[in-house]
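Here is the structure we will look at.
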Amino acid sequence: MIDLKSLREDPDVARASQRARGEDPELVDRVLAADERRRALLTAFEQQRAEQKEVSRSVGKASPEEREHILAKAKALAEEVKAAETEAGTAQRELDEMLAQLPNLVLDGVPSGGEDDYVVLKEVGTPRDFAAEGFEPADHLDIGHGLGGIDTERGAKVSGARFYYLTGIGARLELALLNAAMDTALAAGFTPVITPTLVKPEIMAGTGFLGAHADEIYRLEADDLYLVGTSEVALAGYHAGEIIDLSDGPKRYAGWSACYRREAGSYGKDTRGIIRVHQFHKVEMFSYVRVEDAEAEHQRLLGWEEQMLALVDLPYRVIDTAAGDLGSSAARKFDCEAWLPTQQRYLELTSTSNCTTFQARRLGVRERGERGTHPVATLNGTLGTTRWIVAILENHQNADGSVRVPEGLRPYLGGLEVLEPVAAR
RNA sequence: GGAGACGUCGCAUAGUCUGGUCUAGUGCGCAUCCCUGCUAAGGAUGUGAAGGGGCAACCCUUCCGUGGGUUCAAAUCCCACCGUCUCCGCCA
């Protein structure tokens with residue numbers, strides 16, 4: 001949610017932000033009109049209410065002969081107040097509804113445009129030249145089959161398309177990766193958290209996931225709960241409605257959870273293997289920081305993500321996502337994308353968003369300032385997901401179907417250096 | 001799933017039966033100041049959130065788990081829901 005007061009003071013910033021996202025700048029003016037209407041009706045209601053309270057109080061003290069007269073007056077006032085309250089309430093709801101449609105203001109420097117208008121900030125590492133090495137790289141699913149690590153057929157049998165089993169070394173690899181991610185977070189001062197994966201509607205709404213992409217989210221109708229697509233949701237809700245103390249620096253949490261996504265709009269996209277699946281695991285960083293510290297924290301989160309990518313020794317690039325591809329909560333987003341040899345393209349492995357005060361305002365996460373309270377900033381970023389297995393298998397494969405274990409992961413696999421195909425054993 | 005108790009301004013508690021200076025009292029904590037040679041102790045004042053109006057001092061409205069209802073008037077009465085605790089039943 002955008003701050004109404006600053007929107008009133010400087011609507012041009014919001015209009016420009018809307019344009020950068022490729023969305024309607026006139027929504028800003030509709031919000032302002034609704035706000036004006038609401039304030040007028042609210043003031044009218046409050047004045048009538050104050051009068052009514054005074055009259056009501058005088059009823060108790062009134063002499064018997066005055067009483068009847070005063071009571072009649074009070075009754076009439078009560079009617080008026082009720083009507084005024086209803087009107088003011090309706091105006092408030094209309095405003096809220098409109099305000100909820102307004103996405104976060106993008107930060108200066110964010111490229112305008114849509115999905116393809118990202119800016120590459122840097123490229124790290126060099127993709128392997130498999131032609132020079134003299135073999136055609138296999139894709140992650142073939143390698144996974146060979147290792148006895150990935151079973152998509154039984155996944156489909158039991159749960160449907162886009163489900164899978166990780167077995168044997170596949171399961172161990174995921175645990176190793178996520179443990180490495182947790183250790184990285186711990187070393188950086190994060191508090192490890194295992195979160196709920198079912199959350200209430202107001203928490204899901206507060207994080208901004210129930211807007212344009214609501215059909216991405218699993219909903220349990222019988223219980224009115226949502227399955228989270230990331231532990232960001234549960235971690236953003238963790239301090240909902242609280243006044244937190246950031247005087248000792250940011251509050252940093254590393255969430256470990258299963259993630260669920262309906263992948264509603266992605267028919268036919270990444271259907272092979274475990275690139276795009278309905279359920280996976282993720283270690284997610286989440287920071288509550290002061291507003292003035294948000295951009296610096298964003299760089300720090302990116303730094304820890306790159307540390308993890310270095311640990312598993314993958315070639316990757318960092319992109320600055322364009323405004324139109326940001327999602328409603330983010331003011332800026334950096335993705336790290338690993339090179340995928342069999343598809344000759346980059347695949348998103350991490351994503352870190354600076355949500356500024358957008359989520360915190362909706363969820364009521366504040367800190368105490370000089371004069372009263374104000375919302376904090378929230379940021380999130382990926383430290384490891386099931387999908388990373390795809391990039392690890394493909395980039396570190398050998399001609400014989402075995403896979404070199406990147407050194408950083410070896411301690412988490414009992415010192416194992418090479419994953420051998422099951423058939424070869 | 002059944003029965004019962006409870007939910008009040010950071011914490012603790014009064015108020016609810018019997019609706020009306022509750023404009024929510026008190027203690028603790030906290031903040032500032034005063035007093036005290038130091039310490040211990042004491043005194044005074046202040047002490048939440050959201051929204052609105054005003055240049056400002058300040059004023060108004062809302063908030064007693066949440067949402068409805070009754071009433072001129074609700075922390076207080078009624079209904080529903082949520083949460084916590086205790087007991088019973090069932091299940092992993």
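Proteins come first, then strands; the chains are lettered A, B, ... in the order of their sequence lines, and each starts at number 1. Both backbone and side-chain heavy atoms feed into the values below; hydrogens, waters and symmetry mates do not.
As the counterpart of rU16(B), no nucleotide is assigned, since no Watson-Crick or G-U wobble pattern has both distances under 3.5 Å. The partner of rC63(B) is rG48(B), judged by Watson-Crick or G-U wobble contacts that both fall below 3.5 Å. Base pairing of rC33(B) is made with rG43(B), judged by Watson-Crick or G-U wobble geometry with both donor-acceptor distances under 3.5 Å. Taking a pair to require two hydrogen-bonding distances under 3.5 Å in either a Watson-Crick or a G-U wobble arrangement, rC28(B) pairs with rG10(B). Taking a pair to require two hydrogen-bonding distances under 3.5 Å in either a Watson-Crick or a G-U wobble arrangement, rA73(B) remains unpaired. Across all strands shown, the partner of rU84(B) is rA5(B), judged by Watson-Crick or G-U wobble contacts whose two distances both fall under 3.5 Å. Shown here, rC55(B) forms no base pair; nothing in the strands shown gives a Watson-Crick or G-U wobble contact with both key distances under 3.5 Å.
Between Arg219(A) and Asp224(A), at least one side-chain nitrogen of the basic residue sits less than 4.0 Å from a carboxylate oxygen of the acidic one, meeting the salt-bridge criterion. Comment: Arg387(A) does not engage Glu348(A) in a salt bridge, judged by the lack of any side-chain N to carboxylate O separation of less than 4.0 angstrom. Remark: Asp320(A) engages Arg332(A) in a salt bridge, criterion side-chain N to carboxylate O under 4.0 Å. A salt bridge does not link Arg93(A) to Asp96(A): none of the charged nitrogens lies less than 4.0 Å from a carboxylate oxygen.
For the P atom pair drawn from rU62(B) and rG4(B), the interatomic distance equals 35 Å after rounding to whole Å. Between rC17(B) and rC79(B), the distance separating the two P atoms is 15 Å to the nearest Å. rG67(B) and rC60(B) are spaced 26 Å apart, taking the C1' atom of each and rounding to whole Å. For the P atoms, the distance from rC28(B) to rA41(B) is 12 Å, rounded to whole Å. Rounded to whole Å, the P atom of rA73(B) lies 30 Å from the corresponding atom of rA14(B). Taking atom P on both rC58(B) and rU47(B), the two are 11 Å apart, rounded to the nearest angstrom. The gap from the C1' atom of rC82(B) to that of rG10(B) amounts to 23 Å, rounded to the nearest Å. Separation of the C1' atoms belonging to rC81(B) and rG7(B) is 14 Å when rounded to the nearest angstrom.
Within the 4.0 Å cut-off from OP1 or OP2 of rA49(B), at least one side-chain nitrogen or oxygen of Arg368(A) is found. An OP1 or OP2 oxygen of rA49(B) is reached within less than 4.0 angstrom by no side-chain nitrogen or oxygen of Arg366(A).
Rounded to an integer number of Å, the gap from CD1 of Ile244(A) to P of rA49(B) is 16 Å. Note: CG (Leu71(A)) to C1' (rG20(B)) measures 12 Å, nearest angstrom. One can place CE of Met1(A) at 12 Å from C1' of rG51(B), the figure rounded to the nearest angstrom. Separating the CZ atom of Arg361(A) from the P atom of rA50(B) is a distance of 12 Å, rounded to the nearest angstrom.
You'll find the side chain of Ser329(A) stays beyond 4.5 Å of the side chain of Asn104(A), heavy atoms only. Two residues are said to be in side-chain contact when any heavy atoms from C-beta on lie closer than 4.5 Å; Ile392(A) and Leu177(A) meet this criterion.
Each of Gln52(A) and Arg38(A) was matched to the nucleotide of RNA chain B holding its nearest heavy atom; the match closer to the 5' end belongs to Arg38(A). Nearer the 5' end of RNA chain B, as judged by each residue's closest nucleotide, is the contact made by Ile243(A), out of Ile243(A) and Lys200(A).
With Phe190(A) as the partner, the ring-ring contact (aromatic ring centres under 6.0 Å, His included) test is satisfied by one option alone out of Trp304(A), Tyr288(A), Tyr253(A), Phe286(A): Trp304(A).
The backbone N or O of Pro375(A) lies less than 3.5 Å from no partner atom in the side chain of Arg361(A), so there is not a single donor-acceptor pair.
Candidate nucleotides rG52(B), rC72(B), rU70(B) were compared by shortest atom distance to the side chain of Arg8(A), and rG52(B) ranks first.
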Under-3.5 Å N/O pairs linking protein and nucleotides 58-62 of chain B:
from	atom 1	to	atom 2	distance (Å)
rU62(B)	OP1	Arg49(A)	NE	2.5
rU62(B)	OP1	Arg49(A)	NH2	2.9
rU62(B)	OP2	Lys53(A)	NZ	2.8

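At the heavy-atom level, Leu42(A) lies under 4.0 Å from the strands shown only through sugar-phosphate atoms.
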Could you pull out all donor-acceptor pairs under 3.5 Å where a side-chain atom in residues 143-153 of chain A meets a protein atom, sequence neighbours excluded?
from	atom 1	to	atom 2	distance (Å)
Asp151(A)	OD1	Glu153(A)	N	3.2
Asp151(A)	OD1	Arg154(A)	N	2.9
Asp151(A)	OD2	Arg154(A)	NH1	2.8

